[in-house]
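Data block below; observations after.
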Amino acid sequence: KQEVTQIPAALSVPEGENLVLNCSFTDSAIYNLQWFRQDPGKGLTSLLLIQSSQREQTSGRLNASLDKSSGRSTLYIAASQPGDSATYLCAVPYSGAGSYQLTFGKGTKLSVIP
Amino acid sequence: GAGVSQSPSNKVTEKGKDVELRCDPISGHTALYWYRQSLGQGLEFLIYFQGNSAPDKSGLPSDRFSAERTGGSVSTLTIQRTQQEDSAVYLCASGMNTEAFFGQGTRLTVV
């Protein structure tokens, strides 16, 4: 069974800092890994998708890396802004049951202080 | 283009009543997922549809929950005889090649 862990559970940083969010997974046989953002009371917004053959993906101030062999991914946010405050979730497709349900971590709640 | 659309956005129902939640996926997406998120909790997998294959229902919490997907497009999640513990945000996602895009969710409150 795939398990996904995100550390830290919460993080508070002053505006302008660079920061790293961590995601680890127990089964390295993944197809890809996806990072999402969730604002309070809202759905999930897809940020980045890294295919299993890739080592990193970038979108604006966000950079996600993937190390399959060690079961880890990181999301790097450069020059953080108050608008980045949200919960960040990582997810991997799990095919153990013959389907490709996404297994999620519990998320990292980020607060960027002006 | 249009994203995943869920309706209603909010639903308040009395305990014991049946409810139906609707999900309109992104056109052409073959995969459709339902998740549940209780207050302050993580995402709980409910059911997964992929094309014409039999759905993965392994996450449905009880036989009061069911879902169907008509014509490979719109999906309806039905909860019969609702209980207070069913109160949560129900999230639908559609996708291709295991990349998922979520709707804004339906907030269900059972009173």
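Order of the sequence lines sets the chain letters (A, B, ...), proteins ahead of strands, with each chain counted from 1. Keep in mind the model is a prediction, meaning the values are calculated, not measured.
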- Query: Judged by atom type as modelled, is there a donor-acceptor pair below 3.5 Å linking the side chain of B:Thr82 to the main-chain atoms of B:Lys17?
  - Reply: yes
- Item | Pair B:Thr30-B:Gln50, side-chain donor/acceptor within less than 3.5 Å | yes
- What's the spacing between A:Lys106 NZ and A:Gln6 CD if we round to 0.5 Å? 10.5 Å
- Query: Which members of residues 40-78 of chain A, sorted by number, sit under 4.5 angstrom from chain B on a heavy-atom basis?
  - Reply: A:Gly41, A:Lys42, A:Gly43, A:Leu44, A:Ser46, A:Leu49
- Query: Hey, which of A:Thr103, A:Leu102, A:Asn32 has the most heavy atom pairs under 4.5 Å with chain B?
  - Reply: A:Leu102
- Message: My understanding is that only residues two or more places apart in sequence, or in another chain, count here; which of them pass side chain to side chain contact (heavy atoms under 4.5 Å, CB included) with B:Gln37?
- Response: A:Gln38, B:Leu43, B:Leu91
- Can you tell if the side chain of B:Phe65 reaches within under 4.5 Å of the side chain of B:Ile47, non-hydrogen atoms only? no
- Verify, without hydrogens or angle tests, whether B:Thr106 (side chain) and B:Tyr90 (backbone) share a donor-acceptor contact under 3.5 angstrom. no
- Message: So which residue, B:Ala54, B:Gly95, B:Ala100, ends up with the most heavy-atom pairs under 4.5 Å with chain A?
- Response: B:Ala100
- Should the pair B:Tyr35 and B:Phe45 be assigned to parallel (<30°), tilted (30 to 60°) or perpendicular (>60°) ring geometry? perpendicular
